[in-house]
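Sharing a structure here in structure tokens format.
The sequence lines fix the lettering, A, B, ..., with proteins before strands; numbering per chain opens at 1. These numbers come from a predicted model, not from an experiment.
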2 protein chains.
Amino acid sequence: MKKPRRVSLSTQIVQELTKKIETGDWPIQTKIPTEAQLTEQFEVSRNTVREALQSLIQAGLLESKAGDGTYVIAANKFEANMYHELGKADYQEIAEARQLLEKNLAFLAAKKRTEEDLIAMEVALERRNNPAFTLEELALKDIDYHIEIAKAAHNSIMLDVYQSISTYLFQLIFDHMQQDVTFNHDDSQQLHIELFDAIKARDSKLAETIVGKISSY
Amino acid sequence: MKKPRRVSLSTQIVQELTKKIETGDWPIQTKIPTEAQLTEQFEVSRNTVREALQSLIQAGLLESKAGDGTYVIAANKFEANMYHELGKADYQEIAEARQLLEKNLAFLAAKKRTEEDLIAMEVALERRNNPAFTLEELALKDIDYHIEIAKAAHNSIMLDVYQSISTYLFQLIFDHMQQDVTFNHDDSQQLHIELFDAIKARDSKLAETIVGKISSY
DNA sequence: TTCCATTTGTTCGTATGTATG
DNA sequence: CCATACATACGAACAAATGGA
């Protein structure tokens with residue numbers, strides 16, 4: 001039915017641009033190349049470029065300003081929907097949403113993780129384990145690890161949601177670590193290893209519990 | 001700010017066509033005039049007509065078939081959402097995300113609901129309670145009720161996430177009710193009343209458990 | 001402030017490809 | 001096979017908004 005054997009040029013451009021945005025190649029607020037430049041770059045007419053841009057504007061990923069340029073305003077569709085809300089969401093709300101989502105994701109991951117997921121998680125876990133890291137670096141690696149768990153949950157909606165707020169998580173986790181004078185690198189790593197083991201053992205309840213401990217650490 | 005002093009031709013055409021559709025002048029399944037005819041009728045180019053049609057197709061009001069014609073498939077945007085079909089895989093993911101989010105929201109609502117929230121929930125609960133409702137109507141009221149619970153959770157992020165997927169929930173809930181031959185209106189309402197009571201009593205664990213029962217009903 | 005180059009917005013005309021009945 | 005109708009793509013022109021000189 002909806003199987004166009006040949007993907008339209010504008011669709012191809014949409015895919016290329018989406019990739020740039022989602023991989024962070026073009027972070028939020030980036031001013032993307034002008035229509036004329038994209039026309040040259042993709043070797044298509046301006047109309048075709050505009051059609052692709054229209055799709056992304058419609059999806060809420062881009063915003064264009066006449067006489068100025070076109071800007072990235074969201075990294076994915078969920079973020080596009082929550083674009084307005086997140087900015088004014090307060091700290092407590094983000095922290096609360098984070099804990100709930102991480103519990104949900106750990107629960108799902110324990111049920112659905114594959115061997116490949118375990119490998120990816122282990123790599124991220126290892127990267128996280130460097131006592132020489134500053135708190136800043138640790139916070140970043142921490143988010144990476146939790147995103148791997150989110151991927152292991154095999155639910156693209158929940159993954160999107162988590163990735164959307166992960167932008168805001170950095171500051172949150174960083175502050176959390178910094179304010180907690182009792183924060184201990186090894187203890188933290190130990191808890192994350194336990195979480196990995198629980199997911200590996202497919203113990204969803206335990207995984208959920210451990211996330212609770214990590215968040216309220 | 002967003003005050004274009006001159007409405008574009010395609011926008012004007014969108015408005016004209018929308019009027020035809022919403023007033024019932026062009027009922028559902030009507031085959032609308034061809035692009036060539038609309039071109040003549042509005043005295044604009046075919047491109048401009050197509051741009052307008054694209055908007056309405058995107059909005060879900062129209063559907064076009066190459067070599068055949070363009071048809072009205074929904075009378076308004078809300079109805080258009082109902083026709084929004086989802087892939088089988090997405091369907092499962094949405095169902096999963098729905099259950100998790102509703103549990104989270106009920107949990108939070110039980111902890112943070114105010115007296116005003118209870119009143120709003122009670123109103124939505126009462127609206128839901130009409131044995132004469134078709135399953136379609138019931139599904140709509142059901143979503144309304146759960147959105148009230150989401151509001152009572154007092155977390156704008158979680159509310160936003162839930163509202164984002166609620167667009168897709170209608171079809172899901174509707175199918176769920178329809179496929180379940182044991183579905184009983186009174187039993188369902190009873191469970192929803194129990195959920196209300198649990199939130200009123202601030203029993204977050206019980207609220208979460210009841211949502212689990214409702215989802216797996 | 002005005003003016004101007006840049007960039008997006010709108011519209012047209014045309015050509016060719018693809019799907020339907 | 002064929003006429004019809006939508007799908008895709010190109011090129012061109014001018015309007016309107018913006019930001020900076």
Electrostatic pair B/Asp117:B/Lys112 at N-O distance under 4.0 angstrom |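 No salt bridge links B/Asp117 with B/Lys112.
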In whole angstrom, what separates A/Glu35's CD from C/dT8's C1'?
-> 5 Å
Of the residues in residues 13-20 of chain B, which ones touch DNA chain D at a heavy-atom distance under 4.0 Å?
-> none
Between A/Lys19 and A/Glu16, is there a salt bridge with N-O shorter than 4.0 Å?
->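 Salt bridge absent between A/Glu16 and A/Lys19.
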Run the side-chain contact (heavy atoms from CB on, under 4.5 Å) check on A/Glu122 and A/Glu126 step by step: do they pass?
-> CA-CA 6 Å; A/Glu122 206 157 19; A/Glu126 194 48 49; 6.0 Å; no
Which whole-number value in Å describes the distance from A/Gln54 CD to C/dT8 P?
->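 Taking CD of A/Gln54 and P of C/dT8, I get 12 Å after rounding.
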A/His192 and A/Asp142: side-chain donor and acceptor closer than 3.5 Å?
-> yes
For the side chain of A/Leu9, counting heavy atoms from C-beta on, which of D/dC10, D/dG19, D/dA17 is nearest?
-> D/dC10
Distance, rounded to the nearest Å, where A/Glu63 contributes CD and C/dG9 contributes P =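 For the pair A/Glu63 CD and C/dG9 P, the rounded distance is 11 Å.
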Distance only, no hydrogens: is a donor on one side chain within 3.5 Å (strictly under) of an acceptor on the other, for A/Arg128 and A/Ser188?
-> yes
Does A/Ser64 have a side-chain nitrogen or oxygen under 4.0 Å from the phosphate oxygens OP1 or OP2 of C/dG9?
-> yes
Would you name the heavy atoms of A/Leu53 and A/Leu38 that are closest together and state the gap between them?
->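 For A/Leu53 and A/Leu38, the tightest heavy-atom pair comes out as CD2-CD1, 4.2 Å.
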Verify whether one side chain among B/Asn155 and A/Glu93 offers a donor that lies under 3.5 Å from an acceptor in the other.
->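 Distance-only check fails for B/Asn155 and A/Glu93.
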Is the shortest side-chain N to carboxylate O distance from B/Lys20 to B/Glu22 below 4.0 Å?
->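 So B/Lys20 does not pair with B/Glu22 through a salt bridge.
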Whole angstrom value for the distance that separates P of C/dT11 from CD of B/Glu43 | 14 Å
SB check A/Lys103 A/Glu208 (cutoff 4.0 Å) =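 No salt bridge links A/Lys103 with A/Glu208.
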Pairing nucleotide - D/dG11, Watson-Crick or G-U, each distance under 3.5 Å |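 Result: C/dC12.
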Interatomic distance where CD1 belongs to B/Ile57 and P belongs to D/dA5 [whole Å] = 16 Å
A/Lys31 NZ to C/dT8 C1': how many Å, rounded?
-> 11 Å
Let me know the distance between OH of A/Tyr71 and C1' of D/dT18, rounded to the nearest Å.
->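 Between C1' of D/dT18 and OH of A/Tyr71: 9 Å.
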Please list residues of residues 44-53 of chain A whose heavy atoms come under 4.0 Å from any atom in DNA chain C, ordered by number; otherwise none.
-> A/Arg46, A/Asn47, A/Arg50
Report yes if a side-chain nitrogen or oxygen of A/Thr70 is closer than 4.0 Å to either non-bridging phosphate oxygen (OP1 or OP2) of C/dT8; otherwise report no.
-> yes
C/dA5 C1' sits how many Å from A/Asp68 CG, rounded?
->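 Nearest whole value for this atom pair: 13 Å.
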